[in-house]
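Everything on this sheet refers to the single structure shown next.
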Amino acid sequence: MTRVLSGVQPSGEMHLGNYLGAFRSWVADQHEHDAFFCVVDLHALTLDYDPAALAERTLVTAACLLAVGLDPETCTLFVQSHVPEHPRLAWLLECTASMGELRRMTQFKDKALRDDGGTESARVGLFTYPVLMAADILLYDADRVPVGDDQRQHLELARDLAIRFNGRHGDTFVVPQAALPAAGARVMDLQEPTRKMSKSVSSPQGTVLVLDPPDVVRRKVRRAVTDTETEVRYDPAAKPGVSNLLDLLAAATGGKPAQLAEGYTTYGALKADVADALVALLEPVQQRYREVADDRGELRRVLAAGAERAHQVAAATYERAAGAAGLLAP
Ligand code: TYM
């Protein structure tokens with residue numbers, strides 16, 4: 001059976017990019033594969049964060065994943081820091097990765113510049129983050145990693161590290177593959193449609209949150225930046241705003257963006273339909289969220305059971321890797 005693993009940072013509220021780029025695939029994958037999903041709290045330490053809020057955000061993120069449809073009886077949902085093999089394997093992989101290949105990671109350069117004033121003052125953890133991510137994946141012998149387009153380069157690194165480690169120490173790791181959704185792999189910011197929607201951009205108006213009430217979703221879509229023309233056409237390079245709206249409509253309703261464009265003569269009509277589609281998409285999630293988030297005891301029980309299952313798999317892989325790397329067994 002194919003093994004699936006993916007993760008999300010608890011670094012802010014979940015948005016439409018997370019949902020369409022990743023979570024929707026996770027929900028489908030759990031029924032077809034042996035699936036592991038984690039809230040990667042260790043990754044959230046790589047940028048400035050509020051320690052007082054982290055534990056709560058971790059719980060809220062887990063609640064959000066249950067609300068979108070992950071079923072803890074069907075998949076394994078856990079918190080990264082509850083499974084100590086993640087940083088342990090990351091060390092073995094840090095001794096496999098090179099400085100040069102980590103320096104090439106575009107997210108490192110972007111985030112270091114944005115949050116830390118450049119690569120010299122960035123945390124070392126931000127630099128080695130993709131190696132921890134590789135450890136997240138390789139620990140579970142994952143064949144398939146459902147992610148949005150922005151994680152493609154990190155997945156390539158995970159593959160390279162698995163192949164290199166296997167070459168040096170003998171067959172140890174499964175070489176994973178990224179799985180991107182057909183629609184929604186790169187949801188763009190509604191205010192700045194040339195950059196991806198993200199938890200950390202300064203304009204909250206450009207980011208639709210999974211838990212935004214319907215009137216807020218409608219307002220954000222209505223105010224989405226388009227262009228000075230009037231023609232509804234799918235052309236991401238020349239018309240990024242309109243194309244993003246068409247992508248969203250396609251992701252929410254299942255059509256093809258270029259074909260959907262033919263049904264519209266005004267931006268207003270397109271926006272109205274996008275808003276309706278998004279509200280309909282998010283409404284059931286928001287309803288379930290209220291039920292799930294209120295029961296903290298159950299949420300913690302789910303995460304404890306998940307950590308136990310994850311640990312069984314991770315411990316066996318770590319032992320295999322440590323043995324292959326030549327470490328003396330305790
Ligand atoms: P994170 O927390 O930034 O995002 C979680 C998932 O959401 C996807 N995503 C998007 N998809 C489409 N459009 C967008 N605008 C958009 N923004 C985010 C991401 O691609 C991701 O799939 N490094 C990862 C977390 C991670 C991980 C892992 C993922 C840690 N370990 C192991 C897979 C496997 C991250 O920061 O995702």
Side-chain angles (χ1 to χ4, degrees), residues 3-27 29 35-47 49 57-58 60-62 64-65 68 78-81 83 86-87 89-90 93 105-108 110-111 125-126 128-159 161-162 174 176-201 206-210 240 244 247-248 250-251 310 314:
R3 182 63 72 65
V4 166
L5 176 125
S6 199
V8 56
Q9 293 199 47
S11 47
E13 286 186 72
M14 300 301 101
H15 55 74
L16 206 54
N18 299 133
Y19 183 52
L20 297 175
F23 304 163
R24 266 212 315 197
S25 317
W26 300 7
V27 172
D29 276 359
F36 288 74
F37 300 110
C38 57
V39 181
V40 291
D41 53 349
L42 295 174
H43 283 273
L45 315 185
T46 57
L47 292 171
Y49 75 103
R57 282 191 163 170
T58 302
V60 163
T61 304
C64 208
L65 292 177
V68 299
F78 66 102
V79 174
Q80 182 189 32
S81 69
V83 181
H86 289 245
L89 184 63
L93 296 176
M105 295 291 125
T106 54
Q107 283 215 356
F108 168 65
D110 291 350
K111 288 185 177 177
L126 184 66
T128 58
Y129 158 123
V131 183
L132 178 59
M133 176 165 161
D136 300 338
I137 297 165
L138 301 186
L139 269 179
Y140 296 90
D141 290 331
D143 315 88
R144 175 181 164 88
V145 185
V147 284
D149 179 72
D150 62 336
Q151 298 300 319
R152 212 193 271 263
Q153 194 186 28
H154 291 161
L155 253 298
E156 274 306 309
L157 178 77
R159 287 172 61 82
L161 295 181
V174 171
Q177 214 153 21
L180 272 64
R186 194 169 186 81
V187 175
M188 308 307 275
D189 188 286
L190 295 181
Q191 287 297 314
E192 284 183 70
T194 51
R195 63 193 284 177
K196 69 170 182 181
M197 190 176 283
S198 124
K199 288 167 232 179
S200 39
V201 287
T207 305
V208 175
L209 301 176
V210 170
N244 189 36
D247 274 327
L248 286 174

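In what follows, every heavy atom counts, from backbone to side chain, and hydrogens, waters and symmetry copies are set aside. Numbering of ligands and ligand atoms starts at 1, following listing order.
For Lys199, the heavy-atom gap to ligand 1 drops under 4.0 angstrom. Using 4.0 Å as the threshold, Phe23 has no heavy atom nearer than that to any atom of ligand 1.
In terms of protein heavy atoms, atom 6 (C) of ligand 1 is closest to Ala22 CB, 3.6 Å. The protein non-hydrogen atom at the shortest distance from atom 14 (C) of ligand 1 is Gly17 CA, 3.5 Å. Protein heavy atom at the shortest distance from atom 17 (N) of ligand 1 is His15 CE1, 3.4 Å. Among all non-hydrogen protein atoms, the one lying nearest atom 22 (O) of ligand 1 is Gly148 N, 3.2 Å. For atom 25 (C) of ligand 1, the nearest protein heavy atom (residue, atom name, distance) is Gly7 O, 3.6 Å. Here the heavy atom of the protein found nearest to atom 2 (O) of ligand 1 is Gln9 N, 2.9 Å. Atom 4 (O) of ligand 1 has its closest protein heavy atom at Asn18 ND2, 3.3 Å. At the shortest separation from atom 31 (N) of ligand 1 among protein heavy atoms lies Asp136 OD2, 2.6 Å.
Of the listed options Pro130, Ala44, Ser6, Ser6 places a heavy atom closest to atom 33 (C) of ligand 1. Of all the listed residues (Val147, Asp150, Thr207), Asp150 holds the heavy atom that lies closest to atom 19 (C) of ligand 1. Between the choices His86, Met197, Gln151, the shortest heavy-atom distance to atom 37 (O) of ligand 1 belongs to Gln151.
Pairing each heavy atom of Ala158 with each of Pro176, the nearest pair is CB-CG, 4.3 Å.
Those atoms of ligand 1 with a heavy atom of Leu5 less than 4.0 angstrom away are 32 (C), 34 (C). Which parts of ligand 1 touch Ala185 is read off a 4.0 Å heavy-atom cut-off, strictly below it: atoms 11 (N), 12 (C), 13 (N). Remark: ligand 1 atoms within the under-4.0 Å shell around heavy atoms of Gly21 are 11 (N), 12 (C). Against a heavy-atom cut-off of under 4.0 Å, Gly184 is close to the following atoms of ligand 1: 12 (C). Residue Arg186 approaches ligand 1 through these ligand atoms, each under 4.0 Å from one of its heavy atoms: 12 (C), 13 (N).
How far CG of Leu161 is from CG of Leu93: 6.0 Å, rounded to the nearest 0.5 Å. A distance of 10.5 Å separates CG of Asp150 from CG of Asp110, quoted to the nearest 0.5 Å. Atoms CD and CE, on Gln151 and Met133 in that order, are 4.5 Å from each other to the nearest 0.5 Å.
Using modelled atom types, no side-chain atom of Arg144 and backbone atom of Asp29 make a donor-acceptor pair closer than 3.5 Å.
Contact annotation for Val40 and ligand 1: only side-chain heavy atoms (C-beta onward) come within less than 4.0 Å of the ligand. No part of Leu132 comes within 4.0 Å of ligand 1, judged by heavy-atom distances. Residue contacts with ligand 1 for Gln80 are absent, since no atom lies close enough (heavy atoms, distance under 4.0 Å).
Taking only nitrogen or oxygen atoms, main chain and side chain alike, Asp149 does not reach within less than 3.5 Å of ligand 1. Taking only nitrogen or oxygen atoms, main chain and side chain alike, Val145 does not reach within less than 3.5 Å of ligand 1.
Below 30°, between 30° and 60°, or above 60°: for Phe37 and Trp26 the angle between ring planes is below 30°, a parallel geometry. Ring-plane geometry between Phe36 and Phe78 is classed as perpendicular, the angle between the planes exceeding 60 degrees on a 0 to 90 degree scale with a lower cut at 30.
Contact of the Cys64 side chain with the Val210 side chain is registered, since non-hydrogen atoms from C-beta on lie closer than 4.5 Å. Side chains of Leu5 and Leu139 form no contact here, defined as non-hydrogen atoms less than 4.5 Å apart. No side-chain heavy atom of Asp247 sits under 4.5 Å from any side-chain heavy atom of Val187.
Of the residues listed (Thr207, Val208, Asn244), the one engaging Asp189 in a side-chain contact (heavy atoms from CB on, under 4.5 Å) is Thr207, and it is the only one. Between Val145 and the choices Val4, Ile137, Leu180, Asp136, the side-chain contact (heavy atoms from CB on, under 4.5 Å) rule is met once, by Ile137.
Environment of CD in Gln107: crowded, with over 12 heavy atoms of neighbouring residues, nucleotides or ligands closer than 6.0 Å. Annotation: Glu13, atom CD; neighbour count of heavy atoms from other residues, nucleotides and ligands within 6.0 Å does not exceed 12.
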